[in-house]
Structures are given as C-alpha cells and as structure tokens.
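Here is the structure we will look at, set down as structure tokens.
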Amino acid sequence: MKPDFSMKEYLAHIISESLKQFELEEQPNIQIEDPNQPEHGDAATNIAMTLAKPLRNNPRAIAQQIVDGLEYDENKISAVEIAGPGFINFRFAEDYLFDELESILEAGADFGKSAGNKDQRVLVEFVSANPTGPLTVGHGRNAVLGDTVARLLEWTGAEVEREYYFNDAGRQMRVLGESVQARYLELLGKDAEFPEGGYEGEYIRDIAQALIDEQGEELADAKDESPFKEKAEEEIFADISGTLERMSIKMDSFFNERSLYEDGKIEETIEKLRAKDLVYDKDGAVWFKTTEFGKDKDTVLVKSSGEPTYRLPDIAYHANKLDRGFDLCLDVFGADHIATYPDVLNGIKSLGYDPEKVDVVVYQFVTLVKDGKPFKMSTRKANFVTLDELMDEVGADVTRFFFLMRSPNTHLEFDIARAKEAGEKNPVFYLQYAHARIASILRKVEEEYDFESQADLSVLTHPSEITLIKTMLKFPENVANAARLREPHHVINFLEELASAFTSFYHDCRILGEDEKLAQARMELAKAVAQVLRNGLGILGITAPEQM
RNA sequence: GCGCCCGUAGCUCAACUGGAUAGAGCAAUUGCCUUCUAAGCAAUAGGUUACAGGUUCGAGUCCUGUCGGGCGUACCA
C-alpha cells in the first residue's frame with residue numbers, strides 16, 4: 001500500500017527545500033489546501049503570504065522566489081502558477097493520476113486506511129442507556145455516532161473496543177420493577193397500585209405477560225419488585241441488543257456499574273481523593289472540592305442518604321477504563337451531560353491519571369418532529385418512537401444515514417413524516433444507486449468483452465474521467481480528517497461528491513460499445529469508484545448493493 | 001445571573017488547520033429517455049453568513065458586545 005496523502009507530503013517537501021534559500025529562523029508550517037475553483041489548480045499553498053511579514057517583502061515576489069527555487073518531478077506536477085494575492089497553485093500530471101488510480105485498485109478494500117492511530121488501544125463507550133425501555137430515536141444518534149466514530153478510528157489504525165455502560169441498581173430500575181409488578185397483578189385480575197412515575201409503555205405489560213406464561217401466579221405474593229426487575233432487565237436488554245444488531249452495532253462489552261461497588265472501587269476512589277484532601281464531609285454528605293478546579297460550587301459525591309451521586313461511579317469507571325490500559329477513552333453523550341465531564345476529568349486527574357487520555361464526543365439534541373410539531377419524548381410516559389419502528393419504516397441504512405448526515409454539533413431535526421416519505425428519495429439511495437449502477441455495468445462488460453492485456457489508463461482524458469480520479473484521491477485524507485474530528489458527516493459529504501462525479505461521468509462517457517482499449521480503461525475507473533464507494537459506505541455501516 | 005452549543009438560500013443543512021467567486025438536497029422554473037438503471041443529467045433563480053465593532057494581506061470561520069434559540073447550572077441520571 002502506498003503511503004497516504006503522498007502528494008501533499010511531496011509538495012510540502014519540495015517547498016521546504018526551496019525555502020532554504022531564505023535562511024528562516026524557524027521552519028514555517030507549510031499548508032497545502034484543495035482549491036475550491038478548478039482554475040486554481042489541484043493543490044495550493046499560501047506559504048508566500050505567511051512569509052510576507054517575516055521577510056518584509058510582498059507575497060507575490062516571495063512566491064516567485066519560491067517557485068524559482070522549486071525542483072519537482074514533472075511526472076507528478078505538470079504546472080506551477082502564482083495567482084491572486086500570492087498563492088502558489090500546482091497542477092497534477094496525468095501520469096501521476098493514472099499511477100494513483102492503479103494504486104487505488106491495488107489497495108482495494110484497504111484504500112483510505114491510514115496509520116495515524118496505529119497501535120492505539122481505544123475504548124469507545126456509547127449508547128449506555130439504562131435498560132428501562134426500548135431504544136428510541138433519541139438514542140439513535142448516540143448509537144450510530146459512537147459506532148461510526150469507532151469505525152473511523154479503526155480505519156486510522158486504532159484497535160477499538162466498544163463498551164456499553166449501564167446501571168441496574170438505581171431508582172429508575174426499581175420503579176421499572178414495580179411497574180412490571182403492578183401490570184403482572186393486573187393481568188392476574190388482582191388489585192394493584194401502579195407506582196407513581198411508573199413506566200407506562202405497553203412493553204411493560206408484555207414483560208408481565210411473559211412472566212405469567214413462564215411462572216403463572218407464582219410471583220403474586222412476591223415481597224418486592226426484584227424478580228420483576230430482573231425479568232424486565234433481561235427482556236429489555238434482549239430487545240436492545242436486537243435493535244443494535246439490526247443497526248450493525250456490535251458491543252464488545254457491557255459494563256455494569258454495580259461491579260464498581262462489588263470490587264470496592266467506589267470506596268477506593270473516595271479514600272484516594274480524601275487522602276489528597278479533595279474530599280470532605282458536610283451536612284451528612286461527602287463533597288468533592290470542585291472549587292479547587294475553578295467551579296463555583298463543590299459537588300456532592302455521596303448523598304446524606306448514603307447513596308452516591310452518579311459522579312462518583314463515573315470517576316471510578318473512568319479510572320477503571322484507564323487501568324485496563326487504553327490509550328484513549330472516548331465517551332459519546334448528548335449535550336445535556338456536558339456539565340459532568342469536567343468533574344470526571346478533575347477526578348481522574350486527582351487520582352493520578354492522565355486526563356488527556358479521556359475525550360468526549362458531544363452531540364446536540366435530536367428534535368423529534370411529529371405531525372409538524374416538536375415532540376417531547378419520555379420513556380417513562382411512553383411517548384416515544386423506537387428505533388425498531390423507524391427501521392421498520394425506512395430500513396437500517398436510511399436510519400444510520402439520517403443520524404450521520406449532520407455535524408454532531410448541530411441540532412438534528414428529525415421529522416418522522418419526512419423520514420418516512422424519504423423512503424423513495426433519500427440521499428442515501430443516491431450513493432447506493434451509483435454503486436449498483438457500476439455493478440450492473442460491470443456485469444454487462446464481462447459478457448461483452450474479453451480483455452486480454454493490461455489496461456492502458458492513459459486513454460482516460462475526458463474531464464469527467466480526470467475529475468473522478470482526482471475526487472477519489474481525496475478519500476484517505478477525508479477519512480483521517482473525519483476520524484481526527486470524530487465527525488462522520490465529512491465522509492458523507494465526500495461520498496456525495498464522488499457519487500455526483502460518477503453520475504456526471506456516466507452521462508458523459510459510455511463503457512459498453514466503446515472500443516476495447518477505452519472500454520477497458522473506463523471499466524477500471526468504474527471499478528475503482530465502486531471500491532471507494534464500498535469503503536466509504538462501509539465506514540458508515542451502510543450497505544453497498546449490487547443492484548437496486 | 002453564570003457556563004456550553006447554535007444562528008448561513010423559502011425549508012433541512014455543508015464549507016478540514018482563517019484563503020481566491022459561500023455550496024448541496026428539498027421546493028420553484030426550463031431542457032434531456034430507440035444508447036451501460038431517468039432512484040439520473042444539464043441549466044436558471046434564490047445570500048448584507050442574526051446584528052455591531054475588532055484582529056489581518058485575507059473572516060461564515062478568531063476576539064468583544066448585542067439580539068434570538070437549545071442545553072446545563074440538584075444531596076435527579
């Protein structure tokens with residue numbers, strides 16, 4: 001496999017060689033960018049402008065000196081131009097493009113992979129919904145984003161584990177058990193009081209019915225809710241796992257918060273912090289001196305009831321992750337949890353861990369729109385649309401795509417009606433359609449041609465062909481970039497550009513019916529496009545169909 | 001009050017470390033199917049990037065302030 005971004009590295013190298021003539025005190029950072037306008041070439045650098053001040057000269061004059069001192073391989077670069085206020089624009093030689101096209105085909109399913117995170121062990125924690133009900137579209141963004149970020153990191157060489165963190169010991173779960181108990185008694189025709197703030201969803205009744213089917217009335221005299229809670233947890237986790245699997249999400253581990261208590265880690269965490277004088281008792285509660293870290297208030301770690309707040313196990317959990325030797329622990333959560341993050345960082349830092357090894361992917365809320373109005377979801381009140389219902393309507397590919405197409409940083413408006421309508425004209429189909437089209441053409445090419453020699457790619461001269469190759473070459477950097485920023489939507493933007501470049505090519509250039517030499521070269525080009533589409537869709541966890 | 005995020009075309013959203021003429025999709029208008037899938041292509045129209053300052057060769061992007069929206073700011077998770 002060829003090294004990624006070879007062209008940008010090459011350009012940076014030859015430019016830095018030319019810069020030696022200036023005897024600069026420090027090596028400037030050489031930026032190579034993709035121009036927006038085709039007239040501005042295939043790559044550009046602003047280096048002359050950034051050197052204007054230190055060299056006390058005008059940028060265009062500096063650019064001229066740099067270009068004069070530039071030694072480059074004409075097999076790679078066909079032209080170097082100075083333009084605008086002092087940009088230096090480069091044009092790629094066609095031979096270079098053909099070589100790269102060949103290397104895409106050689107790399108195949110590996111094209112786009114890079115090694116920036118090689119040998120990094122990364123834990124991505126996501127979903128982490130307590131098992132109180134089915135996964136809803138509210139959880140969808142978390143689930144799909146977490147899984148896709150994990151895939152992106154894998155594409156940059158990291159060894160990734162996916163973990164689901166949950167707590168089955170809290171108040172939520174107790175109320176859940178009581179809710180099932182009440183439905184159970186109701187179904188048996190007995191008096192039952194539905195708990196205040198109980199879970200009203202129909203699935204609670206289903207769980208109760210399952211208990212009746214298995215054990216009859218045996219539990220009617222149960223002293224507390226625990227057998228009901230256990231059954232509910234089991235059923236709901238089975239449901240959640242099914243939903244995740246349907247979305248092509250595979251967890252490596254489920255981490256139960258309770259184990260932190262059983263292993264004494266909670267106690268240990270508090271004692272360690274106390275030894276550092278960061279913890280004190282007041283009003284029967286245990287406080288964490290977060291004012292030491294610049295917060296305006298200290299934070300309760302253990303309530304006067306003796307029950308820890310969620311911050312304490314959170315700190316212990318992150319310490320546990322780092323104890324397991326991960327180089328990076330990524331948490332995926334919604335903007336509403338952002339406030340807890342500094343406490344966790346301060347906690348693990350105080351315990352002697354490197355907080356740099358913990359990072360978060362924060363996404364903004366999904367605004368569900370139903371019947372044209374914002375719809376407030378509540379698992380407890382049974383106001384929700386489940387991910388399974390959504391996938392029944394639009395399928396898993398559309399579901400994943402929908403959650404990935406926007407930057408995590410923006411509020412995602414999820415209009416149920418529109419998502420259903422979208423069935424026929426969803427943007428994801430545009431990408432899949434391009435892939436299916438290529439597959440279809442390749443099937444026909446195989447029937448009608450019998451190529452004997454190696455393809456001669458140099459017959460690819462049409463602007464649509466050249467654009468297509470140049471577009472594909474951006475893929476590795478795009479993936480690395482998306483991984484670095486943990487923003488999968490960059491990959492979608494790229495794939496839309498590629499699919500669009502392909503459909504233009506499809507309309508401009510035929511394969512079938514052309515003479516053998518041209519048909520073969522175009523077939524190789526189409527094969528490469530299909531490969532890149534497959535690779536990109538694979539990162540997104542979306543299928544690349546052979547026909548539609 | 002304080003903290004974080006957001007404000008870009010009628011709508012939903014792009015725009016990598018600050019770069020050259022701010023882009024797509026949907027909606028609108030107009031062409032294009034005896035030819036590899038029209039789930040498509042080409043073209044037109046649509047903008048004071050909320051507002052006001054500042055930084056600089058250059059700002060949608062960085063800084064300050066104002067307005068508007070979301071989320072936090074619990075001995076809830």
Using a 4.0 Å heavy-atom cut-off across all strands, classify [X] as base, sugar-phosphate, or nothing.
X      : result
A/A335 : sugar-phosphate
A/A482 : nothing
A/Y310 : base
A/H489 : sugar-phosphate
A/R443 : nothing
A/Q547 : base
A/S504 : sugar-phosphate
A/I438 : nothing
A/I511 : base
A/N89  : base
A/T503 : sugar-phosphate
A/E448 : nothing

[N] [atom2] sits how many Å from [X] [atom1], rounded?
X      : N      : atom1 : atom2 : result
A/F502 : B/rA39 : CZ    : C1'   : 14 Å
A/N409 : B/rG70 : CG    : P     : 17 Å
A/R406 : B/rG70 : CZ    : P     : 21 Å
A/I441 : B/rC36 : CD1   : C1'   : 5 Å
A/D283 : B/rC75 : CG    : P     : 11 Å
A/N481 : B/rC16 : CG    : C1'   : 4 Å
A/Q37  : B/rA20 : CD    : C1'   : 7 Å
A/R522 : B/rC36 : CZ    : P     : 15 Å

### Message
Between B/rC75 and A/S304, counting only base atoms on the nucleotide and side-chain atoms on the residue, is there a donor-acceptor pair under 3.5 Å?
### Response
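It does, because a donor-acceptor pair links the side chain of A/S304 to the base of B/rC75 below 3.5 Å.
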### Message
Among A/K474, A/K527, A/M472, which residue satisfies the side-chain contact (heavy atoms from CB on, under 4.5 Å) criterion with A/V532?
### Response
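Running side-chain contact (heavy atoms from CB on, under 4.5 Å) over A/K474, A/K527, A/M472 with A/V532 returns exactly one hit, A/M472.
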Would you call [X] and [Y] a salt bridge, using N to O less than 4.0 angstrom?
X      : Y      : value
A/E125 : A/K321 : yes
A/K282 : A/D298 : no
A/E225 : A/R174 : no

### Task
Answer yes or no for this row: A/H40 ring on B/rA20 base, centroids under 5.5 Å, planes under 30°.
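According to the criterion (under 5.5 Å, under 30°), yes, A/H40 stacks.
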### Task
Using the aromatic ring of A/F87 (for Trp, its six-membered ring), decide whether it stacks on the base of B/rA20 within the limits of 5.5 Å and 30°.
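Yes, A/F87 stacks on the base of B/rA20, since the ring centres sit under 5.5 Å apart and the planes are within 30°.
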[N] phosphate, OP1 or OP2, under 4.0 Å from [X] side-chain N/O:
X      : N      : answer
A/R311 : B/rA74 : no
A/N46  : B/rG19 : no
A/K53  : B/rU56 : no
A/K303 : B/rC76 : yes
A/Y430 : B/rC41 : yes
A/Y506 : B/rA38 : yes
A/K297 : B/rU73 : no

Taking the side chain of [X] as its heavy atoms from C-beta onward, which of [options] lies nearest to it?
X      : options                : answer
A/T410 : B/rA39, B/rA77, B/rA14 : B/rA14
A/S407 : B/rA20, B/rU37, B/rA14 : B/rA14
A/L512 : B/rU21, B/rC36, B/rG40 : B/rC36

#### Entry: Dot-bracket encoding per residue of RNA chain B, Watson-Crick/G-U cut-off under 3.5 Å, | denoting interstrand
(((((((..((((.....[...)))).(((((.......))))).....(((((..]....))))))))))))....
### Message
With a 4.5 Å cut-off on side-chain heavy atoms, are A/D331 and A/Y317 touching?
### Response
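Side-chain contact under 4.5 Å: no.
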Please report, to 0.1 Å, the donor-acceptor pairs under 3.5 Å made by any side chain of residues 47-56 of chain A, with sequence neighbours excluded.
from: A/T50; atom 1: OG1; to: A/I47; atom 2: O; distance (Å): 2.8

### Query
Could you give the distance from CZ (A/R380) to CD1 (A/I204), rounded to the nearest 0.5 Å?
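The CZ atom of A/R380 sits 12.0 Å away from the CD1 atom of A/I204.
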### Task
Could you tell me how the ring of A/F451 sits relative to the ring of A/Y449: parallel (under 30°), tilted (30 to 60°) or perpendicular (over 60°)?
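Parallel: the ring planes of A/F451 and A/Y449 meet at under 30°.
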### Cationic tip of A/R311 above A/F288 ring, under 6.0 Å, 45° of axis
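Geometry flag: not set, cation outside 6.0 Å or 45°.
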### Query
Any salt bridge (Lys or Arg N to Asp or Glu O under 4.0 Å) pairs touching residues 287-297 of chain A, not counting sequence neighbours?
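Salt bridge (Lys or Arg N to Asp or Glu O under 4.0 Å) check on residues 287-297 of chain A returns A/D277-A/K289, A/K295-A/D343.
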